[in-house]
Amino acid sequence: MKTSKAQKQELQEARAQSHKTKRPTVTALEKILHEPIPVLDHGFIRVVDYMGDDAAIVQAARVSYGIGTKKVSEDAGLIRYLRRHLHTTPSEMCEIKFHVKLPIFVARQWIRHRTANVNEYSARYSILDKEFYLPKPEHLAAQSVTNRQGRGAMLSRSESAKVLKLLRADAESAYDDYAYLLNDDGAGKPKDKKRSMLARELARMNLSLNYYTQWYWKIDLHNLFHFLRLRADAHAQYEIRVYADVMLDIVKKWVPHSYEAFEEYQLYAFNLSRTMKQVVRRMIGGEQVTQETSGMSKREWAEFVAGLGLTT
Ligand SMILES: Cc1cc2nc3c(=O)[nH]c(=O)nc-3n(C[C@H](O)[C@H](O)[C@H](O)COP(=O)(O)OP(=O)(O)OC[C@H]3O[C@@H](n4cnc5c(N)ncnc54)[C@H](O)[C@@H]3O)c2cc1C
């Protein structure tokens, strides 16, 4: 992750600020506020601001006149109850704002989550840096043969070296052409005075999807949990999952009781369908149930076995 001198200075200034407030703050989150946490080769996540804490959820649930909290154990119990029964509006009282730097192909998956507020870096207005994502060799894998949306076996060393060489060459050549089209000398004047400077909004279109973009992304805790459940899941693409993993850690610092309830009832939980419940009852009754006798398709059976961690 590269930060320019000017960006380092801005971050330092942001971290040096402190404010006196009557609003609740969370010490563990304050410690990492404005701190870019590296993700992938050039990306990061940085918490810019937040509102609320575990107590704000309790306060909203109780529609309290004061801070709303009772004993820590009672509050934690209430938070668990709310999440267990998907009484989610109290968790919408907490909000968090991130600054995220991410490859464009990751941003395309991320932006599908419509319940956030987003403002993206404008490549119509500014020139994108020459920063593109190259996977580590251990993340280069062949197309999965069992899941069309996934990776299978790792590539051999020689094959992954070839793939990386190609990815790098393509990204570099695309950037060279971008720079040629922009024809910008760095001060907004044409480098080659005999040629026009193509509009930035047009020049950007030949960049590859592994180029990095940035945005501010603000979301409430309920919708953030929805995002994290989908994107921290093993089925999500590695390159978005690593961002979700960093965010899980941030949420754990921010609202530890809510995070614990989320882990318990959503992140590591598994929904049983009607048929699955019947199969579990049959198994408890001592019956040897197989996929063929379960009433489930092969795929559903595999998900059931994996979801319950069974060995059949
Ligand atoms: C593993 C994985 C694979 C995927 N593969 C594909 C794919 O191949 N192709 C593809 O196009 N997408 C794909 N997606 C994206 C997926 O279909 C969702 O668009 C994405 O996960 C956002 O989910 P969401 O709509 O629930 O989230 P959000 O947009 O954050 O919405 C949260 C919730 O708000 C409600 N909501 C929000 N907006 C509306 C609305 N307009 N109308 C009704 N309800 C609304 C819904 O209840 C929704 O669940 C994939 C996602 C994952 C995690």
Side-chain angles (χ1 to χ4, degrees), residues 39-40 43 45 47-52 57 60 82-100 102-120 133 135 139-153 208-210 213-251 254-255 258-259 261-263 265-273 276 296-309:
V39 191
L40 299 178
I45 297 187
V47 181
V48 178
D49 205 357
Y50 67 100
M51 177 176 80
I57 296 167
L82 295 172
R83 191 128 297 274
R84 194 160 66 246
H85 295 281
L86 293 178
H87 180 12
T88 49
T89 42
S91 57
E92 290 172 22
M93 302 297 158
C94 293
E95 297 213 344
I96 191 158
K97 182 161 64 184
F98 296 103
H99 177 184
V100 189
L102 68 176
I104 295 167
F105 71 93
V106 176
R108 284 182 58 173
Q109 295 188 341
W110 195 306
I111 202 69
R112 299 301 307 281
H113 297 265
R114 298 157 288 179
T115 43
N117 306 104
V118 191
N119 196 69
E120 188 174 3
Y133 167 64
H139 295 128
L140 283 175
Q143 171 60 40
S144 163
V145 283
T146 51
N147 177 359
R148 287 198 200 160
Q149 256 193 357
R151 299 174 198 187
S208 42
L209 293 181
N210 56 348
T213 184
Q214 300 183 37
W215 56 37
Y216 265 44
W217 194 73
K218 180 171 77 69
I219 192 160
D220 66 54
L221 184 62
H222 163 54
N223 287 302
L224 179 57
F225 278 148
H226 180 69
F227 173 90
L228 292 174
R229 194 174 62 76
L230 294 170
R231 300 303 181 176
D233 186 87
H235 295 97
Q237 178 165 349
Y238 166 79
E239 282 78 10
I240 194 164
R241 213 166 62 224
V242 284
Y243 284 89
D245 287 344
V246 169
M247 290 162 109
L248 284 176
D249 208 43
I250 292 170
V251 176
W254 175 31
V255 279
S258 300
Y259 179 81
F262 167 65
E263 270 195 338
Y265 301 117
Q266 283 166 306
L267 191 60
Y268 299 126
F270 176 64
N271 269 342
L272 293 184
S273 67
M276 287 175 182
M296 291 181 224
S297 68
K298 277 191 181 146
R299 189 158 189 179
E300 211 182 345
W301 175 257
E303 286 167 11
F304 170 71
V305 168
L308 291 188

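Since the model is a prediction, treat every value here as computed from it, not as a measurement. Along the sequence shown, the residues carry numbers beginning at 1. We count ligands from 1, going down the list as the structure has it; atoms in each ligand are counted the same way.
The contact shell of ligand 1, taken as protein residues with any non-hydrogen atom closer than 4.0 angstrom, comprises Arg112, His113, Arg114, Thr115, Gln149, His226, Leu230, Arg231, His235.
Taking the six-membered ring where tryptophan is involved, the planes of Trp217 and Phe227 are tilted, since the angle between them lies from 30° to 60°. His226 and His113 have perpendicular rings, their planes meeting at more than 60° on a 0 to 90° scale where under 30° would count as parallel. In this pair, Tyr216 and His99 present their aromatic rings tilted. The plane angle is within the 30 to 60° band.
Remark: Glu303 pairs with no residue by the side-chain hydrogen bond (donor to acceptor under 3.5 Å, both in side chains) rule, at least two apart or across chains.
Nearest approach of Ser91 to Leu221, heavy atoms of both residues: O-CB, 3.2 Å.
Remark: the backbone N or O of Tyr268 is not paired with any side-chain donor or acceptor of Arg229 at under 3.5 angstrom.
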